[in-house]
Every structure is written in structure tokens, then in C-alpha cells.
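Some notes on the structure that comes next.
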Amino acid sequence: MDTQGRDEIDPADQWVIDPATGTYRLRQEAAQDRPRTAGLPKQGPPKQGPPQQGLPRQTGRVPAAPAGPATRPAPAAVPQPRRRTLPGAAGAAQGQAGRRCAGQGPSRPSRRRKALLWTAGSMGLVLVAVGVCGYLVYEHFNGNLTTVDVGDAGSKDVFGHGPLNLLVIGTDSRQGLGGKYGDDDNLGHADTTILFHVSADRSNATAMSIPRDIVTSIPDCPTRQKDGTVTTIPGIPAGLTTPKFNESLGVGGRDPGCTMRAVTALTGIRVDHFMMVDFEAVKELSTAVGGVDVCLARPLVDPKSHLDLSAGPHRIEGEQALEFVRTRHALRNQSDLDRIKLQQRFLGAMIRKIKSSGTLTNPRKLFSLADTATKALTVDSAIGSVAKLTSLAKGLSKVDAKHITFTTLPVVDNPHEKVHATVVVDQARAQRLFTMIKDDVPFGGVKKRPKSDALLLGPKAAPADVRVRVFNGSGILGAARGTVAWLRGTQGVGSPANGGNAPAPAARTTLVYAPAQADQARTLASMLGLPGSALKPSPASEGAAAAADMALTLGADFTRAGVPVPDPDAAPDDLDRTDADNSSCVS
């Protein structure tokens, strides 16, 4: 319609009554195409005569002209459309549309508009205006987003109902910061990386931070170039002190898809999508939510990050928020691992602020936050639109803050360094964490998985009657041979057999047995310290005799014979963890 692109004109004033038909039509058509007829009423109130008692009811017919000679008076002038003052300075059409959608910029009062808004023509115009407003805002947000095609590193499924693994990457790019936080030419590496696992039922989430200084392998990475071609950046095998995990981004042209592949190689967990932000985004997002509330048990002062906060509660935003998440020297051990804990507390506080401050129900706040977030985000192309991100956000918003658990991938100091500048994965503890995430087991126990401990209850066979064949899927050289020797020599098991290597590596230790061997399985589980979930009754072996061998496969959770295998349905007690609803003071 001709009112589109004329935002300064009140839409209601584009419609006038056609005296010839009694209906409404566009002003341009009324002014240019229709001849005036005799008997047109004058504009405005009459100069003489009694006051009007009300407007005549519109019937679709023109009132009859008074009797007398058919004189042709001069056409009544069509009033020019009123113009309304736009809120603020004139800007881009998208920005104006966003402000009007957020409820800003009231228009001038109009006597005629009160009547016209109740007509079909005017209501249609209002609906078109709202539709165009929404479209412009939608296009505005879409234009904010930066996307990366990561190929088969991620998933194309955004709307599925299974578990979701979202990789959040914070880069350490200093570009545009004037060298305040380091080299201004630094293009950015994977400085802060969190694998955000959301359960299939969207009742809980686990956010696992990955330390940037882990020595790990970096796999080959196909990356799409600007001209559309795909170039494979060669990977780097893990050495004694290099490469570090943060080199999976930026070095050699590696994109976020390379970091996704590195996480999968490191953890065995498939990553579905990624979101990436930089230092500037921390400043902007913390400001958009109205500041983030943190509490300190002691002062935090760091001349290098310029942070200077006293003990007690603080609301931080902008530059101060960035100083807070970047500080390391103000912390007790001045380590990156301590900084990770501080960042987790900051993110938890931001989650609480968004959920509790009415941000998601206030149009103005929501527009500001959405505008800031979409400008700050770089995402994979599978979720690279406002519609897809909205669908993703709806699922994430269902998780209560008290059921979001932050933890850190377990690491130990690199034994190959005298000055510990890097760390390596603590495999024993890490594998339990990886298994919980892959099996979608909640940390907070929102929905307890059915325990199979009942399998451990009942009669047990004598050790000499236990028959078992041991397979090594643990990755530990000689684990099956050593377990067989331990069972025979110290436990008195009759004739354990070495089955050699398992067909494939196993994440968990399992004991498969026939129903007739349940008493033997309970005896062996007691010796090895197996949880009930490790026992796997095999219906296919229902006819097997008690004299047949059970199959014990040692998994990555196995360390050595005699050391209990941890229950994968229970969170490790020695993991650093905090919940997003933890508002206690940072010590």
C-alpha cells in the first residue's frame, strides 16, 4: 500500500469518506480521481444555525441534495495528512520499526482516527502496519547474526526432542579493545569453552567447562572458505606439551567447527551446535540485562585486568563485568582453573537475572536484549536464523536455574613440565563425567534413573563355581590378563579365562550373564565392586547352562582389579560443581 515507506504520516489519515458512495477509500484516489458533486457538506462546523446533534449514521447512500437549482459549488478542500513527530532522531527503518514495536513514540491525538479505527479499512491498515513492523524487526535481528557453515561437525536437527549438546565458545580476541586486555592484533582462540548439555526432557542441564590449556590432539578440520570451496586444515597429534585445546580455534584458519570436532575427539560426546561470543559481548550483554548481581566474600583487586571490587554485593555491567570475568591475578591461586569457577558464578548470576527481572515479558527489555544478543552471536548455519534460535531458546528456557549444574572437565598438572603451564585430562574422573553426559544422567537428580541395585540382592555362588571370560575394552594394556590373575590368585575363582581385547573400546564395564548364572554374577560383582547397572542379564542366553562362561568386559571406568568401578548414575564426589541458583558470596 502507498503508506508503506511513509512512516511519518499517520496511517489513519490516508483514508477519507467518499461522498459519492459513503465508503472509505485512499486519500490520493479521493483527491485526484473523484469529481465533486452538488450538495457536498462543508468541512468543519457550520457558521450559523443550531448546533449539530450528532453525526448521521453511515448507510452507504449519499444524503439527498436540497431542492433548487443544481449549482456546482467549488470543491471542498481535502485536508492534508497530519504528520507526527517520530521518537528520537530519524534513523534506519529497521530501528524505527523496532522502537514502535517496543511501544515507544506515541502519535498525536486525532479526532477522526477514533472513528476510523473501528472501520474495516482502518483495522486492516493497522494489521498491515503491525505485520510490516514485525517483519522489519525479524529481518533486523536476522541481519545481526553471523553464521558459519561447519559441515558435518554439528547436527542439522534444531527442533528434535532428544538431548542437546550446545558448545558455547568465548574467544580471547582483543581487536577493538585498544590493547587493554592484551595484544590488539589477537584474532582470538578458544579461551572460554563450555559444553552445555540439556536433557531430553528439558528438566535439567549440565554445563561442563573445558580448560583452555589442556594438552590434546586437534583433528583434521574441513573449513568452508569465502569463495565456497572447502579446505581441510591438517590436525596435530597430541605431544607431551603441545598442542593446547585453545589452538583448535583461530590457529591456521581453524573455525568454530574445528573446536566442535576437537571437543568430540576429547570427550567422545557429539556436539550439535555452537554459539560464539567475544570480549565485547560480555560488556554489552551484561548492560542489556541491567547489570549482573555478584557477592564477594573478600575484595578482588587485579591491576592487570583493572578490577577493583570491595567485599560484599555488587551489580556489575559493561567494562566492569569484563574485568570481573577476565581477572586471574585477584584469585587465590591466580590460575585459569580458578577463573573458570568465577566465570561459572557470573553466568549463573546472569541466568538468574534474566529469569527473575521480567526481561522476557517486557517488550522494551526483550527487544534490547535480543538486539544485543544477535549482534554478539556467531552461530552455526543450522541455527542461523531468528526463528531457529527462538525454537532453541524455548527449549532452554524450560530448565530451572536450580537444575543447571556447572562443572569443569577434570584435569591434573602436566607431568612432563617442571613449570606447570599446561594440564592433561584426568582420565579416571573424566570418563565418569563423559558417561553421565552421554547417558543423559542428571547431576541434580531431577529425575532419578531406575536403579538396578536389586540385581545385586539374592543368593551368591561360591567363588570356585564362578566361570567368567574377561575382555579388555579399557584401553589399559594387560588389564584383562591382570584381572584374570587377580581373580584366580586372590579371590579363588575356579577357572577365569582371558578373552583378549574387546571388539571395540568400551566406556563402561559390563558383566553379561544368563539367568541361570545370576548367583555367579552377584559373587563376581561383589569381588570387583561393580554397580548394579554393570550387570546385564542376557535373554539370548536364557538356555545357557550355569557352566558356561559369563562375559566381563572392562571399560574406560575400570582402573585395576580390586578397585570398585564407580556407579555411572551417581555424580563423582570429587568434581568441582556449582548450581546456577547459587547466590552465595565468592570466596
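None of these values were measured; they are calculated from a predicted model. We number each residue from 1, following the sequence as shown. The figures here come from the full heavy-atom set of this structure, side chains too, leaving out hydrogens, waters and symmetry mates.
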Checklist entry - Under the side-chain contact (heavy atoms from CB on, under 4.5 Å) criterion, do F274 and V148 qualify, and how do the steps go? => result CA-CA 10 Å; F274 85 86; V148 176; 4.0 Å; yes

Validation row: [X], [Y] side chains within 4.5 angstrom (heavy atoms):
| X | Y | result |
| --- | --- | --- |
| V423 | V215 | no |
| P299 | L309 | no |
| L409 | S209 | no |
| L575 | L433 | yes |
| K402 | N582 | no |
| R315 | K353 | yes |
| L195 | N165 | yes |
| R212 | T193 | no |

Next on the checklist: Pair D581, H403 - check side chain to side chain donor-acceptor pair (under 3.5 Å), show working.
Outcome noted: CA-CA 8 Å; D581 68 337; H403 296 148; over 6 Å; no

Checklist entry - Do the rings of F324 and F346 sit parallel, tilted or perpendicular, given the 30° and 60° boundaries? => result tilted

Has the side chain of [X] got a donor or acceptor atom that lies under 3.5 Å from a matching backbone atom of [Y]?
| X | Y | answer |
| --- | --- | --- |
| T242 | G239 | no |
| K355 | S397 | yes |
| N142 | V386 | yes |
| K283 | A321 | no |
| S203 | S199 | no |
| R339 | V325 | no |
| R345 | S584 | yes |
| S385 | K388 | yes |
| T229 | Q225 | no |
| D338 | L331 | no |

Gap separating the [atom1] atom of [X] from the [atom2] atom of [Y], nearest 0.5 angstrom:
| X | Y | atom1 | atom2 | result |
| --- | --- | --- | --- | --- |
| L145 | L389 | CG | CG | 5.5 Å |
| D579 | F406 | CG | CZ | 9.5 Å |
| M275 | I194 | CE | CD1 | 13.0 Å |
| D255 | T378 | CG | OG1 | 11.0 Å |
| E280 | T171 | CD | OG1 | 11.0 Å |
| D380 | M276 | CG | CE | 11.0 Å |

Next on the checklist: Walk me through whether L377 and T146 qualify under side-chain contact (heavy atoms from CB on, under 4.5 Å).
Outcome noted: CA-CA 7 Å; L377 284 177; T146 302; over 6 Å; no

Please give me the minimum heavy-atom distance between [X] and [Y], naming the atom from each residue.
| X | Y | result |
| --- | --- | --- |
| A153 | G257 | CB-O, 3.8 Å |
| T223 | C258 | CG2-SG, 3.7 Å |
| G151 | D149 | N-OD1, 3.0 Å |
| L249 | P256 | CD1-N, 3.6 Å |
| S248 | A190 | OG-CB, 4.3 Å |
| T287 | G318 | OG1-N, 3.3 Å |

Checklist entry - Does a donor on one side chain sit under 3.5 Å from an acceptor on the other, for Q334 and H329? => result yes

Checklist outcome for this item: Paired with N414, the side chain to side chain contact (heavy atoms under 4.5 Å, CB included) test is passed by just one of T241, I214, D213, namely T241

Checklist entry - Is there a side-chain contact (heavy atoms from CB on, under 4.5 Å) between D293 and H314 once you walk through the steps? => result CA-CA 6 Å; D293 297 318; H314 296 273; over 6 Å; no

Item to check | CA sep, side-chain torsions, deciding dist, call: I210, T408, side-chain contact (heavy atoms from CB on, under 4.5 Å) | outcome: CA-CA 6 Å; I210 301 176; T408 304; over 6 Å; no

Next on the checklist: As a test of understanding, state which of D172, D336, D302, D191 forms a salt bridge (Lys or Arg N to Asp or Glu O under 4.0 Å) with R326.
Outcome noted: D191

